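The model shown is predicted, which means the values in this text are computed figures rather than measured ones.
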Amino acid sequence: MSIAKVALFVFVVLSFFSCSSLKQKNYSETSDKYWSDLVEESVNTKTSIISLLEKKNPHLFHEIVNDSKDKKLTAFWGKSINFDSGAKKQIIDDQIMSDLQVQFKIKNDNKIVHAGITHSYGYLFSVISTPYGFKRKRWIDPTLNYAFSFSGSSLSPQTIEGGLLSNLTYFAGTIAFKDESDRRALKALKNVSSEVLNFDYSKLHVEKLEEEIMVNGSLTNILRTTLVKLPFKREEEENDYLLIYSIWSRRDHKEDLITAFPIKKDAYKKIIESDSLGPNRPILVRYNAYLEGFMDKNLTGTKKYKENVH
């Protein structure tokens, strides 16, 4: 065999193994099996998910650790229920939920939980199947990073800079928060990627559904559904909008984030349906949010829709 043929053979072999390794890495980090295996190992061996990530996924481990060092981060989020009303199942295992919350110095019964930790890092480790897929799909699929041209994958567990929770908090809060004081407070966050910090939010097409809860004639809370039209879509993309759900509290004089995820156009149309707007309308606390004092009541209030707001 000639030297040229030997060189070609070596190149092909090395290329094969290199590409195979790359594909395997991408596959493992974006596959449901990868995450379900982590959950299974953590639960069966009673190993903290944080310790397991330190060995199995150092990148995500450092994301979580760095996010947890920011004492102001968790204050931008409200509470959530660790139970899916559609699937009729607990969303995240108690021990895994506890491991994540304790890392952020939050302790509770793992049933009523911190919404930000749950809907970001927590959802990566949810193994329940829903009609919309696994909960982690919103962070594993390229939908949102492609839509907002985040080349650094800021809204994913593979973000190059910052942490998923910090990046999501700044991004969603900047879009959803109505009061300038709430938006200004976001500037104090320490672990946010530069592409999220420097994003031109003024170019986004933003709509809001506001559901005002009244008690004895006084406004107590506003459930705010913010809808953002995706600026860019892949040809095969089925979603058209980013939904951000937040709750403004008169008692606390602030707005708290609850969740964020992409939705299809049909879901968007149902949310802004004009027949559902106006005073004395039934109101539901949605998307696994927990609103103390209002969960077992038949709520009514005024529903308002506002288009192209910032």
Side-chain angles (χ1 to χ4, degrees), residues 67-83 97 100-122 165-192 201 206 208-228 243-261 279 281-306 309-310:
D67 269 354
S68 69
K69 291 177 181 178
D70 190 344
K71 296 179 180 179
K72 296 184 178 181
L73 176 58
T74 54
F76 292 97
W77 294 83
K79 295 179 180 180
S80 182
I81 301 172
N82 189 13
F83 186 82
M97 193 68 248
L100 291 170
Q101 292 196 115
V102 168
Q103 178 65 40
F104 285 83
K105 294 182 172 55
I106 292 176
K107 291 185 179 182
N108 50 49
D109 62 1
N110 303 309
K111 308 301 181 187
I112 298 173
V113 291
H114 185 272
I117 298 169
T118 302
H119 290 253
S120 58
Y121 295 123
L165 181 53
S166 287
N167 292 342
L168 173 62
T169 302
Y170 190 96
F171 184 72
T174 301
I175 297 170
F177 290 162
K178 187 173 182 178
D179 293 345
E180 176 59 32
S181 59
D182 288 331
R183 291 196 300 273
R184 189 167 54 246
L186 292 167
K187 304 292 184 183
L189 291 177
K190 300 176 181 178
N191 196 35
V192 181
Y201 295 89
V206 180
K208 292 181 186 288
L209 173 70
E210 295 187 343
E211 302 174 271
E212 300 177 345
I213 299 176
M214 309 290 289
V215 176
N216 298 324
S218 297
L219 176 64
T220 59
N221 297 89
I222 299 176
L223 311 182
R224 186 167 288 132
T225 304
T226 301
L227 301 161
V228 185
L243 182 153
I244 304 169
Y245 195 58
S246 56
I247 299 177
W248 176 85
S249 167
R250 180 182 180 181
R251 182 192 66 186
D252 299 329
H253 300 288
K254 67 189 290 286
E255 186 170 356
D256 291 330
L257 295 167
I258 300 296
T259 192
F261 55 93
R281 298 290 182 177
I283 292 178
L284 295 175
V285 180
R286 301 181 186 274
Y287 312 120
N288 302 322
Y290 176 79
L291 184 56
E292 187 176 0
F294 293 94
M295 299 306 294
D296 299 320
K297 296 180 179 179
N298 293 321
L299 303 176
T300 59
T302 301
K303 292 188 177 183
K304 300 177 181 179
Y305 165 68
K306 301 177 181 180
V309 296
H310 289 282

| said: Any donor-acceptor pair under 3.5 Å linking the side-chain atoms of Ser80 with those of His119? | reply: yes
Below 4.5 Å, heavy atoms only, C-beta onward: do [X] and [Y] meet side chain to side chain?
X: His253; Y: Ser181; value: no
X: Val113; Y: Thr118; value: yes
X: Tyr245; Y: Thr225; value: yes
X: Trp77; Y: Ile117; value: no

What are the two closest non-hydrogen atoms of [X] and [Y], and how far apart are they?
X: Asn108; Y: His114; value: ND2-N, 4.2 Å
X: Phe83; Y: Asn288; value: O-OD1, 3.1 Å
X: Ser166; Y: Val192; value: O-CG2, 3.8 Å
X: Gln101; Y: Asn110; value: NE2-OD1, 3.2 Å
X: Leu257; Y: Ala176; value: CD2-CB, 4.3 Å
X: Trp248; Y: Arg224; value: CB-NH1, 4.3 Å

| ring pair (Phe, Tyr, Trp, His ring centres under 6.0 Å) against Phe261, all qualifying residues, sequence neighbours excluded | Tyr287
| task | Using the test ring pair (Phe, Tyr, Trp, His ring centres under 6.0 Å), find all partners of Phe171 that sit at least two apart in sequence or belong to another chain. | result | Phe148, Phe150, Phe199, Tyr201
| Stepwise side-chain contact (heavy atoms from CB on, under 4.5 Å) check, Leu223 with Arg286 | CA-CA 9 Å; Leu223 311 182; Arg286 301 181 186 274; over 6 Å; no
Can you list everything that forms a side-chain hydrogen bond (donor to acceptor under 3.5 Å, both in side chains) with [X]? Sequence neighbours excluded, please.
X: Lys107; value: none
X: Glu212; value: Lys304
X: Gln103; value: Ser68
X: Glu292; value: none

Rounded distance (nearest 0.5 Å) linking atom [atom1] of [X] with atom [atom2] of [Y]:
X: Ser246; Y: Ile175; atom1: OG; atom2: CD1; value: 11.0 Å
X: Phe76; Y: Leu186; atom1: CZ; atom2: CG; value: 4.5 Å
X: Lys71; Y: Lys69; atom1: NZ; atom2: NZ; value: 12.5 Å
X: Thr220; Y: Leu299; atom1: OG1; atom2: CG; value: 8.5 Å
X: Ile222; Y: Ile247; atom1: CD1; atom2: CD1; value: 11.5 Å
X: Met97; Y: Asn82; atom1: CE; atom2: CG; value: 6.5 Å

| task | Output, in order, the C-alpha distance, side-chain angles, deciding distance and verdict of side-chain contact (heavy atoms from CB on, under 4.5 Å) for Leu165 and Ser120. | result | CA-CA 6 Å; Leu165 181 53; Ser120 58; 3.6 Å; yes
| task | Inspect the surroundings of NZ in Lys79 and state if more than 12 heavy atoms from other residues, nucleotides or ligands are less than 6.0 Å away. | result | no
| query | Under 6.0 Å from the CG atom of Asn298, do we count more than 12 heavy atoms belonging to anything else shown? | reply | no
| query | Can you list the steps and then say if Met295 with Tyr290 is a side-chain contact (heavy atoms from CB on, under 4.5 Å)? | reply | CA-CA 7 Å; Met295 299 306 294; Tyr290 176 79; 3.6 Å; yes
| request: With Asn191 as reference, evaluate Asp67, Leu73, Asp70, Asn167 under the side chain to side chain contact (heavy atoms under 4.5 Å, CB included) test and give the passing residue. | output: Asp67
| field | Check ion pair Glu255-Lys178 (N to O, under 4.0 angstrom) | value | no
